[in-house]
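First comes the structure, then the notes that go with it.
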Amino acid sequence: MLEKKEKEDGLKIYNTLTGRKEEFAPVQPGHVGMYVCGVTVYDVCHIGHARSAIVFDVTRRYLRHKGYDVKFVKNFTDIDDKIINKANREGIPWTDVVKKYTDKYYEDMHRLGVEDADVEPRATGHIKEIIEIVKGLVDKGYAYVVDGDVYFDVENYKDYGKLSKRNPDDMMAGARVEVDERKRNPMDFALWKASKPGEPSWKSPWGPGRPGWHIECSAMSLKHLGGRFDIHAGGADLIFPHHENERAQSEAYTGVSPFVKYWMHNGFITVDKEKMSKSLGNFFTIEEILDKFDPGAVRLFLLQTHYKNPIEFSNEPLREAELALGRFYETVERVHEFVEKTPDEPGKEPPKGLEEAADGLMKKFTEAMDDDFNTAMAIGHVFELVKEINRFLDSKPRGPRAKDILRRAEAALREAGGILNLFEKTPLDWQRALLKVRHIGIEEPEIERLIAGRQEARKAKDFSRADEIRKSLEEKGIILEDKKDETVWRVKV
RNA sequence: GGCGGCGUACCCAAGUGGCAAGGGAGAGGUCUGCAAAACCUCCAUUCAGCGGUUCAAGUCCGCUCGCCGCCUCCA
């Protein structure tokens, strides 16, 4: 019993490989090795990429919060057909394509609050390791060479199809791809591709060429995390063929099985119920979304649904997320006001309820997150506490004890928010952010000036003048709220 | 054709055996020079449909209907 307690910490992860939620137990106690498939840098990122990045950013932060020493690896695919094609089309070196979209990736992700990985390896930086593995696979009889190409022989790897839950025979029957005559089996895939003249290439025992798509991840995960590590993650569309193939290569090469303990895959973003994708052209880029919405709202929108479920994309729920965030900051502002303005003299005993809710938040939050990173439920708990805080403030509490409880409540909100990398702004900064993102053509000092003018008018009981100022601001999307001794501005949502 | 997933209020969305979280919209109310905003309260005896297991089912099992994904590059 005691032993069990030490081993398990309550975290459960849905494992694509087994199709079940499993108790999380890392390969090495206290440490977590996590590999996330990043992007191929041939174009700008869309909201689907953002989802994957944000979901696993939170996974990482939560594991860290639980006290694990997390080594987080996220790769860039910086050589493949799409990159070469793009370079040809634009008449620029392929390395320029890589540079351009890698920079853009960082810009987008930083804006979304996605933390950089501990290691961010690139395929082209691991050619030596890749060749090493391909050579090993050929030597062991798992791969064969044809005209400078090297293929993985799926027939020799008995576990093929286990991750994506399909058997090779069925796949052959339904294969829609034109079969390459030189392959022994239609499912065989390239480990190394011979390059055509003019294409980027590296020297290899099989002639000049470049790595196949899947092999880079095998090489990089092996190098940076070892032959057996904890979590491998990516979008659900990577399950087949990418992760299936990667698994086959890695395990065939090292002989270690399973090389990954937990496979995690996030669901898609859909538009009109259809998967958002480059080929359908129904995608929204991160840049265009951030031009209209605050990054926090985007994060909240994405985390309000469990990571495995699909999310239907549209402006409406994003707007709702923004509204919800505003409500959060509004409450924080009320707390600050109360803490600043309430005298320290002893007051009546504050009502129960909030104290319990405040001190209990992290337990509930943790329980939700322990259940396969259920951010949707965890966020629900956060908003329950927000509601409780408001109820408490409405009861007109007094005294240092009430202040203390509110401080603890805010601290709990901040702690939960820190794990999600949400709710981190001050209420004023939130308004300033909205001012920008809504493209309201008026600067803060100007608003303050108008407010001051209106205060004058109010003092002089010139209410029609005061109302006029308010109205003119409202037309621009700024709402004025009269409080006891001041007037504050808000962006209309 | 093979494999997998989903269907919870007007909308979005948690909930995987024990009285249906949360957000938006809507309705009442508090506050206020008037407002607005904010806040509070209310808002699913019911979980696509039909059967079954159980003391107990949205939750497990079976079938039906509807939607989606993967099997080709894809987060």
Side-chain angles (χ1 to χ4, degrees), chain A residues 16 19 21 36-40 42-43 45-56 80-82 85 161 164-167 169-178 187 213 233-242 244 265-270 273-280 283 300-301 304-306 308-312 314 316-328 330-331 333-334 364 368 371 374-387 389-391 393-395 458 461 463-464 466-467 470-471 474 479-484 488-490 492-493:
Chain A
T16 306
K21 258 187 230 172
V36 178
C37 281
V39 295
T40 301
Y42 76 104
D43 204 349
C45 291
H46 59 63
I47 183 77
H49 299 101
R51 182 179 195 190
S52 185
I54 288 172
V55 159
F56 298 118
D80 98 331
D81 290 349
K82 292 194 290 292
N85 291 341
S164 54
K165 311 220 166 22
R166 55 194 86 207
N167 75 64
D169 302 333
D170 291 342
M171 283 191 285
M172 277 181 262
R176 282 187 265 151
V177 214
E178 224 172 293
M187 299 315 296
W213 175 35
D237 44 6
L238 296 180
I239 296 172
F240 190 89
H242 184 55
E244 190 70 69
H265 295 96
N266 67 274
F268 302 124
I269 299 217
T270 59
K273 296 266 195 174
E274 266 184 326
K275 181 187 168 188
M276 182 183 291
S277 72
K278 283 275 164 65
S279 44
L280 284 168
F283 60 92
L300 182 61
F301 164 69
Q304 263 176 325
T305 300
H306 184 90
K308 285 206 306 290
N309 293 151
I311 297 182
E312 171 71 14
S314 71
E316 171 76 11
L318 267 164
R319 201 108 277 168
E320 285 177 11
E322 204 171 66
L323 227 50
L325 252 193
R327 195 171 113 92
F328 177 92
E330 196 80 42
T331 301
E333 194 177 8
R334 285 186 86 193
K364 285 188 182 169
D371 187 11
N374 193 336
T375 51
M377 190 175 206
I379 289 168
H381 291 314
V382 169
F383 279 99
E384 271 176 87
L385 179 57
V386 166
K387 188 181 202 168
I389 291 172
N390 281 313
R391 206 177 291 168
L393 287 168
D394 279 4
S395 76
R458 287 180 77 205
K461 301 261 188 238
F463 292 123
S464 63
D467 288 350
R470 178 163 58 198
K471 200 165 164 231
E474 191 177 347
I479 283 167
L480 296 187
E481 290 177 27
D482 294 331
K483 304 221 171 181
K484 263 200 174 56
V488 298
W489 60 272
R490 287 190 198 301
K492 187 156 72 178
V493 276

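Below, all heavy atoms of this structure are taken into account, side chains as well, without hydrogens, waters or symmetry copies. So that the names make sense, note that chain A is the first sequence line, chain B the second, and so on, each numbered from 1.
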Any base atoms under 4.0 Å from A:I239, or only sugar-phosphate, or nothing? Heavy atoms, all strands. nothing
With P as the reference atom in both, quote the distance from B:rA21 to B:rG15 in angstrom, rounded to an integer. 13 Å
Suppose you measure atom P in B:rA27 against the same atom in B:rA36; what distance do you get, rounded to whole Å? 13 Å
State which residues pass side-chain hydrogen bond (donor to acceptor under 3.5 Å, both in side chains) with A:H46; sequence neighbours excluded, sorted by chain then number. none
For nucleotides 24-32 of chain B, which of its nitrogen or oxygen atoms have a protein nitrogen or oxygen under 3.5 Å away, and what is each distance?
{"residue": "B:rG24", "atom": "O2'", "partner": "A:E320", "partner atom": "OE2", "Å": "3.3"}

Nucleotide B:rG22, atom P - distance to CE of A:M377 in whole Å: 10 Å
Between the base of B:rA35 and the side chain of A:R470, is there a donor and acceptor pair under 3.5 angstrom? yes
Per atom distances to the A:F268 side chain, the nearest of B:rA75, B:rG22, B:rC73 is B:rA75
Which nucleotide sits closest to the side chain of A:M276: B:rG2, B:rA75, B:rU16? B:rA75
Under 4.0 Å, heavy atoms only, any strand: does A:L480 hit a base, just the sugar-phosphate, or nothing? base
Of A:G48 and A:N374, the one whose nearest nucleotide on RNA chain B sits closer to the 5' end is A:N374
Rounded distance in Å between the C1' positions of B:rG26 and B:rU32: 24 Å
Test salt bridge (Lys or Arg N to Asp or Glu O under 4.0 Å) applied to A:K278 - qualifying residues, sequence neighbours left out: A:D43
Which base, if any, makes a Watson-Crick or G-U wobble pair with B:rG18, both distances under 3.5 Å? B:rC55
For A:D467, the side-chain hydrogen bond (donor to acceptor under 3.5 Å, both in side chains) test, sequence neighbours excluded, returns A:R470
Expressed in whole Å, how much space separates the C1' atoms belonging to B:rA25 and B:rA13? 14 Å
Quick one: look up who B:rU72 pairs with, Watson-Crick or G-U, both distances under 3.5 Å, and put none if it's unpaired. none
Over all strands shown, is A:H265 touching base, sugar-phosphate only, or nothing at heavy-atom distances under 4.0 angstrom? nothing
With sequence neighbours excluded, residues passing side-chain contact (heavy atoms from CB on, under 4.5 Å) with A:A376: A:N374
From B:rC73, B:rA37, B:rA13, pick the nucleotide closest to the side chain of A:T305? B:rA13
If you look at every heavy atom in A:L280 and A:K275, which pair is closest and at what distance? CD1-O, 3.4 Å
Please determine, for the side chain of A:I479, which listed nucleotide (B:rU72, B:rG22, B:rA37) has the closest atom? B:rA37
Check whether any side-chain N or O of A:K273 sits under 4.0 Å from OP1 or OP2 of B:rG69, and answer yes or no. no
So how far is it from A:L323 CG to A:E320 CD, rounded to the nearest 0.5 Å? 7.5 Å
On a whole-Å scale, what distance lies between the C1' atoms belonging to B:rU59 and B:rA48? 16 Å
Go through B:rA14, B:rU16, B:rA37 for me and flag the one nearest to the A:R490 side chain. B:rA37
Side-chain atoms of A:H306 come closest, of B:rC71, B:rA21, B:rA14, to B:rA14
Regarding A:K387, tell me which of base, sugar-phosphate or nothing describes its non-hydrogen contacts under 4.0 Å with the strands shown. sugar-phosphate
Nearest-0.5 Å distance that lies between atom CD1 in A:I47 and atom CG in A:L318: 6.5 Å
Taking all atoms of both residues into account, what is the closest heavy-atom pair of A:G235 and A:N266, and its distance? CA-OD1, 3.2 Å
Hey, is A:F463 stacking on B:rG33? Ring centres under 5.5 Å, planes under 30°. yes
G-U wobble or Watson-Crick pairing nucleotide for B:rG62 (cut-off 3.5 Å, both distances): B:rC50
Could you tell me the Watson-Crick or G-U partner of B:rC67, where both distances fall under 3.5 Å? Say none if there is no partner. B:rG5
According to ring-ring contact (aromatic ring centres under 6.0 Å, His included), who are the partners of A:H242, at least two apart in sequence or on a separate chain? A:W213, A:H214
Partner set under ring-ring contact (aromatic ring centres under 6.0 Å, His included) for A:F328, not counting sequence neighbours: A:F423
B:rA44 pairs with which nucleotide, Watson-Crick or G-U wobble, both distances below 3.5 Å? none
Would you give a per-nucleotide map of nucleotides 4-10 of chain B, 5' to 3', where B means the base has a protein non-hydrogen atom under 4.0 Å away, S means only the sugar-phosphate does, and - means neither? -------
Pair of N/O donor and acceptor under 3.5 Å linking B:rG15 base with A:D371 side chain: no
Taking atom P in both B:rA20 and B:rA44, what distance in whole Å separates the two? 11 Å
Using a strict 4.0 Å threshold on nitrogen-to-oxygen distance, state whether A:E330 and A:R490 make a salt bridge. yes
Name the nucleic acid region contacted by A:G235, choosing base, sugar-phosphate or nothing; use a 4.0 angstrom heavy-atom cut-off, strictly under. sugar-phosphate
What interatomic distance, in whole Å, is found between C1' of B:rC3 and the corresponding atom of B:rC10? 36 Å
Contacts of type ring-ring contact (aromatic ring centres under 6.0 Å, His included), residue A:H381, not counting sequence neighbours: none
Euclidean distance for C1', B:rU54 against B:rC42 (whole angstrom): 35 Å
B:rA38 pairs with, by Watson-Crick or G-U criteria that keep both distances under 3.5 Å: B:rU30
Which part of the nucleic acid does A:G267 contact within heavy-atom distance under 4.0 Å: base, sugar-phosphate only, or nothing? base
Within the structure shown, what part of the strands sits under 4.0 Å from A:R51 by heavy-atom distance: base, sugar-phosphate, or nothing? nothing
Please work out if A:E330 contacts a base, only the sugar-phosphate, or nothing of the nucleic acid, heavy-atom cut-off 4.0 Å. sugar-phosphate
From B:rU41, B:rA37, B:rA13, nucleotide with atom closest to A:R391 side chain: B:rU41
Take atom NZ in A:K308; do more than 12 heavy atoms of anything else shown fall under 6.0 Å from it? yes
At under 4.0 Å between heavy atoms, what does A:N266 touch on the DNA or RNA strands: base, sugar-phosphate, or nothing? base
Indicate, with a heavy-atom threshold strictly under 4.0 Å, whether A:E474 touches base, sugar-phosphate, or nothing. nothing
Could you say whether A:A321 or A:A466 is positioned toward the 5' end of RNA chain B, judged by the nucleotide with the nearest heavy atom to each? A:A321
